[in-house]
Amino acid sequence: MTLSIRKLDAALGAEISGLDLSRPLAASDVGSIEQVWRERLVVVFHGQRLSDPELIAFSRNFGELDPPGPNPYGEPFNKQHPELNVISNVVENGKPIGNLGDGEAVWHADMTYVEVPPKAAMLYSLEVPPPEAGGNTYFANMFAAYESLPADLKGAAEGRIAVHDASTNSAGMLRKGYREVTDVRQTVGARHPLVRTEPKSGRRALFLGRRPNAYVVGLEVAESEALLDALWAHATQPRFAMCHQWKVGDLLMWNNLSVLHRRDPFDPGTRRVMHRSQIRGNERIA
Ligand code: SIN
C-alpha cells in the first residue's frame, strides 16, 4: 500500500492513509509522516489496531519517549508500560484507570511547565463515546495565531517571558505533590518566552502553554492578566483551529510546541479510553 496525504480544510491538520502503524515502517514513510507533522502540525490516522508495545514502537520512530507528567494520584496509570499515559473517565474497583475524567480539558500544550517540553504527542483511541456524547478534541495553530496578531499585541508580547503552571492538569486537578496557587507571582513552573522561534524554519509562533495561573514576569498582576487574556482570546479563535471527532482506532500525532489543544466534556455515562505517548523535546524555547 502507498501512503496518501489529505490536508484538512482547516488552519492545520492532515490525514494520512495507507499505513498500518502496527508494523515496522519504511524510513521513507517515517520521513513523510515527520514532514506532514512539521508542516500541518497535526497528523490523523484512522482504522489502526495497536497494542501498547506497538504504540511504543511507532512512537519511537520520532525520538525517545518522554514519560507522562505527575498525575493527581501519584502513580502511573499504565503499570506495565509507565512510558504511556492513559486518558480516561473509566473507574474500576473505585479507582480511575486514567487521567482527566469526563470534564473539559482546557486549551493547553503538554508539559510546558518543564524546561524542555515534549516535541510531539500521540493519542490513540481504544474506546470512545458516541458522537452526540461529546469528547471532541480541538487543535489550534500557533504560527497562524502569531502571524495574525494585531501590531499592538505583537509589540506587547515581544521579549516577554511567562511562567507556565505545573500545579494543575488541563482538567483543573491538582497534581500530586503541588499546592494550589493563590498568587500568580508565586506560580511554580518553567519560564518561557511568549513568542517562540522555530529553530528549523525561523518562523515565529505564540507559545502560551496554559492559561490558569500563568504570569508574565515583571508586570503588575492586572497588566499580566490583561495581556494574557488578550493573547488567549486571539489564539483560540475557531479560524486557527480544527476539530477531531473520534472513532475507535484513530491515532493523532501533534506538534506540541506549535499547537494548543483542548477537549470537550462528554457524557459521564459513556466510556472513553485512550493511550498516549509523547516524544522527548530537544529545544529550549527561544
Ligand atoms: C489531552 O489533553 O492530552 C487529552 C485530549 C483528549 O482527551 O482528547
Side-chain angles (χ1 to χ4, degrees), residues 8 10 12-13 37 41-46 48 50 55 59 65-73 76-78 83-91 96-114 117-140 142 164-175 208-212 232 235-236 241-268 270-281:
L8 301 186
L12 71 173
W37 169 83
L41 310 179
V42 179
V43 189
V44 179
F45 301 91
H46 296 292
Q48 303 296 322
L50 299 178
L55 174 58
S59 305
L65 297 201
D66 213 1
N71 65 47
Y73 312 100
F77 289 114
N78 191 330
E83 62 270 61
L84 295 181
N85 204 350
V86 180
I87 305 296
S88 184
N89 65 322
V90 173
V91 176
I97 68 159
N99 211 357
L100 301 185
D102 54 44
E104 178 184 0
V106 298
W107 284 110
H108 67 286
D110 296 315
M111 286 179 63
T112 60
Y113 50 84
V114 301
K119 65 177 183 181
M122 319 227 177
L123 191 57
Y124 170 63
S125 59
L126 293 150
E127 293 184 59
V128 299
E132 66 280 7
N136 294 342
T137 306
Y138 302 79
F139 296 85
M142 291 302 106
H164 292 228
D165 176 43
S167 72
T168 57
N169 68 17
S170 58
M173 303 163 171
L174 203 62
R175 297 179 204 275
L208 298 179
R210 60 194 60 218
R211 179 66 186 88
W232 277 91
T236 57
M242 60 167 270
C243 168
H244 185 72
Q245 196 170 76
W246 292 90
K247 295 197 181 67
V248 168
D250 288 348
L251 183 141
L252 264 61
M253 170 177 173
W254 63 89
N255 191 323
N256 185 50
L257 304 182
S258 311
V259 304
L260 293 171
H261 61 284
R262 73 170 277 277
R263 180 195 77 195
D264 279 339
F266 57 97
D267 179 349
T270 62
R271 290 172 60 99
R272 191 174 187 274
V273 182
M274 313 220 161
H275 284 191
R276 188 180 189 298
S277 62
Q278 52 193 13
I279 312 299
R280 181 156 294 167

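Numbering of ligands and ligand atoms starts at 1, following listing order.
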Could you walk me through whether F139 and N255 pass the side chain to side chain contact (heavy atoms under 4.5 Å, CB included) test, one step at a time? CA-CA 10 Å; F139 296 85; N255 191 323; over 6 Å; no

Walk me through it: do H108 and R262 pass the test side chain to side chain contact (heavy atoms under 4.5 Å, CB included)? CA-CA 6 Å; H108 67 286; R262 73 170 277 277; 5.7 Å; no

I'd like the contact residues of ligand 1, where contact means a heavy atom below 4.0 Å. I87, L100, H108, L123, T137, H261, R263, R272, R276

Residues in ring pair (Phe, Tyr, Trp, His ring centres under 6.0 Å) contact with H164, at least two apart in sequence or another chain: H192, F207

Listed by chain and number, what are the ring pair (Phe, Tyr, Trp, His ring centres under 6.0 Å) partners of W246, not counting sequence neighbours? H244

Examine the side chains of N99 and N169 and answer whether a donor and an acceptor come within less than 3.5 Å of each other. yes

The criterion is salt bridge (Lys or Arg N to Asp or Glu O under 4.0 Å); which residues satisfy it with R175, sequence neighbours excluded? none

